[in-house]
Q: 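So that we are looking at the same thing, I have put the structure below in C-alpha cells.
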Amino acid sequence: MVNADEFIDEKIAEIDEEIGDANAVIALSGGVDSSTAAALAYEAVGDQLTPVYVDTGLMRKGETEQIRETFAYMDSLRIVDARERFLEELAGVTDPEEKRHIIGEQFIREFETVAKDVDADYLVQGTIYPDRIESEGTIKSHHNVGGLPEVVDFEGIVEPMRDLYKDEVREVARALDLEEVVSERMPFPGPGLAVRIIGPVTEEKLEVAREANHVVEEELEEYEPWQALAAVIGKATGVKGDNRVHGWVVSVRSVESRDGMTARAQEIDWDTLQRIQSRITGENANVSRVVYDVTHKPPATIEYE
C-alpha cells in the first residue's frame with residue numbers, strides 16, 4: 001500500500017520539475033483518478049494549470065453541475081460543451097474498440113484546442129496502473145492510454161498516478177483532503193456511457209442509460225459496491241398498460257473488487273432488485289425489461305464494452 005503523504009510530496013516535486021515554468025492542461029472528468037491528479041498538479045504549479053472538463057454528452061446525470069461545484073476553487077477551470085461533436089463522431093459506430101479510439105481522439109483534440117488558447121505545453125492525466133495493464137495487454141483500450149491518437153500536439157504527457165491501483169488513489173485523495181464525493185466516488189469509465197450501450201450510441205439510448213445508472217447508484221449505495229452500473233444491451237418485447245411494446249433491455253451490474261483487475265458479482269436481495277426494475281421500467285416508457293448480471297471478472301469485464 002502506498003504511503004500517501006510521501007507519495008504526495010514526491011509527486012508534487014516531480015510535476016513541478018517536469019512542467020517547470022510552462023503551462024499545462026489537465027483532463028478533468030470528476031472521477032477520483034482525474035480529480036486527484038488535478039489536486040496534485042494544482043499544488044505543484046498553481047495557476048499554470050488549466051483544468052478542462054469536456055461535456056461529451058456521455059456523462060452521468062448531474063456530472064457537469066457537480067464539476068462546477070467541486071472545482072470552483074480553481075479559477076482557471078474550463079467547461080467545454082462538445083456533446084454535439086462527440087455524438088456526430090460516434091454515429092453508427094458499433095465496434096467497442098472503435099468507440100474508445102474515437103472518444104480518445106476527440107478528447108485529445110479538445111484538450112489541444114484549450115492548450116493553444118492558454119499556451120500550454122503539457123497534458124496531465126489521471127491514468128492509473130490497471131488502465132495501462134488492460135490497454136497494453138489488449139483487454140481494452142482506455143481513452144487516455146490505448147485510445148490516444150498516434151499524433152498528440154503536446155511536449156509531454158504527465159501521469160503522476162500511473163503506478164497506483166484504485167484503492168491507493170483513494171488513499172491519496174483522502175490525504176489531500178478532497179471531498180468525500182470525490183475520494184469515495186464510484187468508478188466511471190472515461191468513455192462514459194458509450195461503453196454501457198451495446199451497438200450504436202444514440203440520444204435515446206443515452207437518456208435511458210443515464211437515468212438507469214442514476215437509479216442503480218442510488219438503490220445500491222447501501223451495498224457499498226466497487227462499481228454498480230446499468231447498461232443498455234438490446235431490445236425485447238414487453239407489455240406497458242394494454243400495449244405490447246418492443247423496448248430496451250437494461251442490464252444491472254454490481255461488483256466487489258480491490259483493484260478492478262478481478263471482480264465478483266454482488267449478491268443483491270430480491271426486494272432491492274425488484275425496486276430497481278420497478279423504478280427503471282416505470283420511469284422510462286422505452287424500457288421493457290431489466291436483468292441482473294451475475295458474471296464475475298473473469299470471464300466478463302466489469303463494463304460491457
Q: Within the supplied structure, the quantity of interest is the number of heavy atoms (other residues, nucleotides, ligands) at a distance under 6.0 Å from Glu65 CD; does it exceed 12?
A: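 More than 12 heavy atoms, drawn from other residues, nucleotides or ligands, come within 6.0 Å of this atom.
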Q: Output side-chain donor-acceptor pairs under 3.5 Å for residues 227-236, partner residues at least two apart or in another chain, one line each.
A:
unit_1, atom_1, unit_2, atom_2, d
Gln227, NE2, Pro187, O, 3.4
Gln227, NE2, Glu303, OE2, 2.6

Q: Should we count CZ of Arg264 as having more than 12 external heavy atoms under 6.0 Å?
A: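 Result for CZ/Arg264: open.
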Q: Is the closest basic N to carboxylate O distance between Lys99 and Glu305 below 4.0 Å?
A: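 Glu305 and Lys99: salt-bridged.
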Q: State whether the number of non-hydrogen atoms from other residues, nucleotides or ligands found under 6.0 Å of Asp47 atom CG is greater than 12.
A: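 No, the 6.0 Å shell around CG holds no more than 12 heavy atoms from other groups.
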Q: So, Ser251 and Asp293: side-chain donor and acceptor under 3.5 Å apart, yes or no?
A: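 There is no such pair (donor and acceptor under 3.5 Å, judged by atom type) between the side chains of Ser251 and Asp293.
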Q: Under the side-chain contact (heavy atoms from CB on, under 4.5 Å) test, which residues partner Gln66, sequence neighbours left out?
A: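 If we apply the side-chain contact (heavy atoms from CB on, under 4.5 Å) test to Gln66, skipping adjacent residues, the hits are Thr70, Val181, Arg185.
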Q: Report, as yes or no, whether the 6.0 Å neighbourhood of atom NZ on Lys240 holds more than 12 heavy atoms from other residues, nucleotides or ligands.
A: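 Yes, enclosed.
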Q: Does any donor atom in the side chain of Ser29 or Ser34 lie under 3.5 Å from an acceptor atom in the other side chain?
A: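 The criterion, which ignores hydrogens and geometry beyond distance, is satisfied for Ser34 and Ser29.
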Q: Using atom types as modelled and distance alone, determine if a side-chain donor or acceptor of Arg289 lies under 3.5 Å from a backbone N or O of Thr237.
A: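 Yes.
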Q: Hydrogens and angles aside, do Asp259 and Tyr129 bring a side-chain donor and acceptor to less than 3.5 Å of each other?
A: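 No pair is found: no donor N or O on one side chain lies under 3.5 Å from an acceptor on the other.
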Q: Before accepting this row, confirm whether a basic side-chain N of the pair Lys11/Glu43 lies closer than 4.0 Å to the acidic partner's carboxylate O.
A: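 A salt bridge is absent here (no side-chain N lies under 4.0 Å from a carboxylate O).
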Q: So, for Phe154 and Phe111, is the gap between ring centers shorter than 6.0 Å?
A: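 No.
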